[in-house]
Protein chains: 2
Amino acid sequence: MSVKIGLVGTGTVGGGCIDIIQKHRADFQRHFGVDIELVRVCSLNSAEAEAHGVGDLFTDNFHEILEDPTIDIVIELIGGTTFAKTVVIGALEAGKNVVTANKALMATYGQEVMEAAAAAGKEIAFEASVGGGIPIIDPLKHSLIANEITSVMGIVNGTTNYMLTRMADNGMDYAEALKEAQDKGFAEADPSADVDGLDAAAKIAILASIAFNSRVTLGDVYVSGITSISPVDLEAARDMGYVVKLLAIAHRREDGVDVRVHPTMIPVDHQLATVNGVYNAIYVVGDFVGETMFFGAGAGSGPAASAVMGDVLEVARHVQQGVAPIVGCTCTDDLPILPMDDLEMKYYIRFTVTDRPGVLAAMTSVFANHDVSVHSVVQRGHGQQGAVDVVYVTHTARESAVRAVMDEIASLDDVLQGTPSLIRVEE
Amino acid sequence: MSVKIGLVGTGTVGGGCIDIIQKHRADFQRHFGVDIELVRVCSLNSAEAEAHGVGDLFTDNFHEILEDPTIDIVIELIGGTTFAKTVVIGALEAGKNVVTANKALMATYGQEVMEAAAAAGKEIAFEASVGGGIPIIDPLKHSLIANEITSVMGIVNGTTNYMLTRMADNGMDYAEALKEAQDKGFAEADPSADVDGLDAAAKIAILASIAFNSRVTLGDVYVSGITSISPVDLEAARDMGYVVKLLAIAHRREDGVDVRVHPTMIPVDHQLATVNGVYNAIYVVGDFVGETMFFGAGAGSGPAASAVMGDVLEVARHVQQGVAPIVGCTCTDDLPILPMDDLEMKYYIRFTVTDRPGVLAAMTSVFANHDVSVHSVVQRGHGQQGAVDVVYVTHTARESAVRAVMDEIASLDDVLQGTPSLIRVEE
């Protein structure tokens, strides 16, 4: 007997799922002894659905999927946290297993969703919510579970990685890189979720929750985007032996979980440093396994659909064999989230200042007053219209002290308007 | 009730497993609701076992483990294909699940082992047999199964990757690199299994069997090692924009499976090109997911034990929940293995010849006579004792024709003794 699937959402990823089922259904039967049958496709865009030849399977009413007693697995691919939440929770309550690619939902209402699944005795799978086609949630829930995971660091947003790669390799400025990313379809017309780091924040919340067995939600993640990064920063980083990536970072520390998204300098020989363009990678450190990294396409129809359908096939095997959910909510601990202000690391800070004697001395004394020890100060650029860039790199310092330094320096007379560029350093 | 484990073999990996259980047993109980209890440890080396404080659990008779009705899972970590095979098959026949790190066993007797597991209705898991701590077998059996996998290419031998990295970065010759690897404990006193490529061959046989759903055994793999690689080859490769790695390669082609291990030139910007030192990585291409890569430590106590214990915990979850094996043998197809002679690719070939007029013309005409089209010929080196290196790079050519060229050139008067260096090119 076939395992019956209802699909909600026929955009890029939904279309990819239909393509996979059409191309590989017979292979799945032969290889896994599971016959996946798509029995209902819900979309508000009938033309989009029809482009994949769904014919009679089409409906624009998701209740038809939730109320169809034959459906075993519901795939939710509409995104967002309102309507999608209704569909996901509704499907679980209707006794269906759910597969979703919805990072916002899982990062915001993960606990509620997991509880609904547990109450229903059904599975909720969401590999596609992080890293597109890259297997990362599954390894964290299975292969790597003999470890205490100490760090997860990811390049999990392809848009910003593409932009930073173009800025570093081709000297483009931020606006040019964004324009090109938009022209190529890698960035939205409104790019804020990507460039401000919120997309990456949702993903690291999900990964940290699994890796550390303790719930981290979107609101727990400190977020800073790439909008104030300029090519001069990338050049300065390279001169120091670093590259700049928008990293989503989660560390398990003695006193809690440190979780954040910001532009980050990593050494050129770090395994993440060569992950360029729209590719994603997640770097995981465990107490026994040491360093591992998972690389691949972080977005796109095929990769995301590969992750969704991998989950669907896994759940379908269980449905076919009558196996109750094996891995439910993994958040069995309750670790505190460390306040950003209390963290300590090294900082790269660039200010644009008037090229006048005394400015450097005034700025540098601000660092001293706040007890932030400076490793190096370099003046860069040739002073367009009397302005120069001054780049500070600190020794290990406290975040709150560095913020105080920045605020105070920003108020100095000769420091020009505009956000200084702040890049944190991971060694 | 605890899930009871019997461990056979207390070497590096076995010791790591004991350490993991001792450190994390309570964590496993809290996170996964599974209590892993080590109840028997078999070793021929009681001191080695005692170093991990096994005390009363010790036995030197593996029958005590096979015959203990309370034991649910047997971990086999003795290696080899004789005694280990007896233990693995014996444990399955005794109704126990088995976890092993034994690549030789799985690459040679994989089918027999899978059949014994199926007959017994028990699980056999072997993540640690390839890539040390890197999750790769599990992703191929789960997350990536919605794809038709078209290629698997791996740096799966840390010893040779360390040597090639040192030769490329520090200009060491083969003997120096080997000596250093041995001094650091990265190479055995008898390094042949590593440098001749047999270790990598066993691993790619295992990966290809899973990725292509068709049995590939060790004997099916064409193998060529790194013993004739010299620093001049690595330098020449770099000049052409390539790096040289000992790659284990498996491609699904229209007419069958192409599977081999040999020194390989890959472009410097290939994701595998920056995998250096003792690290391993496996690059997998699927029809929907596109390119993915899995990176980590390919050997060592912690990483290998992480993979073994990941399998143990997974099986233990099933034991605890009373779930019958979900994924058994994945070899449901029967694809032919393509003969090496029939493959077509590009080749780098270096001959050492007497520095005399006419030699180059004589050699080059051999290529023409065998219809092997030459892309470039470069003379390298300054002729120590009247000898120079001549490096050919071919256009796409047939393996059998290239072999004929090499045989004929080797018989020319001015071509010096010793194996020419042959490196195949993957784009």
Side-chain angles (χ1 to χ4, degrees), chain A residues 16 19-20 23-24 27-28 30-32 127 132-135 137-139 142-148 213 269 271 273-276 279 281 286-297 300-303 305-314 317-318 321 323-324 326-327 330 332-333, chain B residues 16 19-20 23-24 27-28 30-32 127 132-135 137-139 142-148 213 269 271 273-276 279 281 286-297 300-303 305-314 317-318 321 323-324 326-327 330 332-333:
Chain A
D19 293 346
I20 288 180
K23 181 172 177 196
H24 287 317
D27 298 325
F28 297 154
R30 196 169 74 256
H31 295 151
F32 317 124
E127 178 66 72
I134 306 169
I137 290 177
D138 206 60
H142 298 275
S143 307
L144 296 174
I145 56 174
N147 294 272
E148 177 170 288
N213 298 101
D269 60 354
Q271 206 58 36
T274 52
V275 175
N276 289 321
Y279 282 100
D287 60 349
F288 283 89
V289 75
E291 300 172 60
T292 58
M293 194 184 80
F294 304 80
F295 166 92
S301 172
S306 161
V308 170
M309 291 307 301
D311 276 348
V312 168
L313 286 161
E314 194 66 22
R317 281 169 164 165
H318 299 165
Q321 205 169 315
V323 172
I326 296 169
V327 182
T330 54
T332 47
D333 290 350
Chain B
D19 293 346
I20 289 180
K23 181 172 177 195
H24 286 317
D27 298 323
F28 297 154
R30 195 169 75 256
H31 295 151
F32 317 125
E127 179 65 73
I134 306 169
I137 290 177
D138 206 59
H142 297 275
S143 307
L144 296 174
I145 58 174
N147 294 270
E148 177 172 288
N213 297 101
D269 60 355
Q271 206 58 36
T274 51
V275 175
N276 289 321
Y279 281 101
D287 60 349
F288 282 88
V289 77
E291 302 171 58
T292 58
M293 194 183 81
F294 303 80
F295 165 93
S301 171
S306 161
V308 170
M309 291 308 301
D311 276 347
V312 167
L313 285 162
E314 193 67 21
R317 281 170 166 165
H318 299 165
Q321 206 169 315
V323 172
I326 296 169
V327 182
T330 54
T332 47
D333 290 350

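Owing to the predicted nature of the structure, the values given are computational and were not obtained by experimental measurement. Note that these values count all heavy atoms, side chains included, but never hydrogens, waters or copies made by symmetry. So you know, we letter chains A, B, ... as the sequences are listed, proteins then strands, and number each from 1.
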| task | Drop me the distance from A/Asp138's CG to B/Asp138's CG, to the nearest 0.5 angstrom. | result | 6.0 Å
| field | Spatial distance of atom CZ (A/Arg317) from atom CD1 (B/Ile326) [nearest 0.5 Å] | value | 8.0 Å
| Are any non-hydrogen side-chain atoms of B/Asp333 and A/His31 less than 4.5 angstrom apart? | yes
| A/His142 and B/Leu313: side-chain contact (heavy atoms from CB on, under 4.5 Å), yes or no, with the steps? | CA-CA 8 Å; A/His142 298 275; B/Leu313 285 162; over 6 Å; no
| query | Of all of B/Gly133, B/Ala273, B/Pro135, B/Gly132, which one pairs up most often with chain A through heavy atoms under 4.5 Å apart? | reply | B/Pro135
| field | Straight-line distance of A/Glu127 CD to B/Leu144 CG, nearest 0.5 Å | value | 9.0 Å
| request: Against chain B, work out which of A/Gly300, A/Ser143, A/Pro139, A/Gly296 has the most heavy-atom pairs shorter than 4.5 Å and name it. | output: A/Ser143
| field | Structural part of B/Asn276 lying under 4.5 Å from a heavy atom of chain A | value | neither
| said: Just verifying a value: how many Å separate A/Phe294 CZ and B/Met293 CE, rounded to the nearest 0.5 Å? | reply: 10.5 Å
| Would you say A/His24 and B/Asn147 make side-chain contact, with heavy atoms under 4.5 Å? | no
| message | Do A/Ile145 and B/Phe28 make a side-chain contact, defined as non-hydrogen atoms from C-beta onward lying under 4.5 Å apart? | response | no
| query | So, B/Gln321 side chain and A/Ala324 main chain: donor-acceptor pair closer than 3.5 Å or not? | reply | yes
| Any side-chain heavy atom of A/Phe288 sitting closer than 4.5 Å to one from B/Met309? | no
| field | Side chain / backbone / both / neither for A/Asp311 at chain B, heavy atoms under 4.5 Å | value | neither
| query | Which atoms of B/Val312 come close to chain A, meaning under 4.5 Å heavy atom to heavy atom: side chain ones, backbone ones, both, or neither? | reply | neither
| said: Is any side-chain heavy atom of B/Tyr279 closer than 4.5 Å to one of A/Gln271? | reply: no
| Residue B/Thr274 versus chain A: region with a heavy atom under 4.5 Å | both
| request: Counting only heavy atoms closer than 4.5 Å, note whether A/Val327 contacts chain B via side chain, backbone, both or neither. | output: side chain
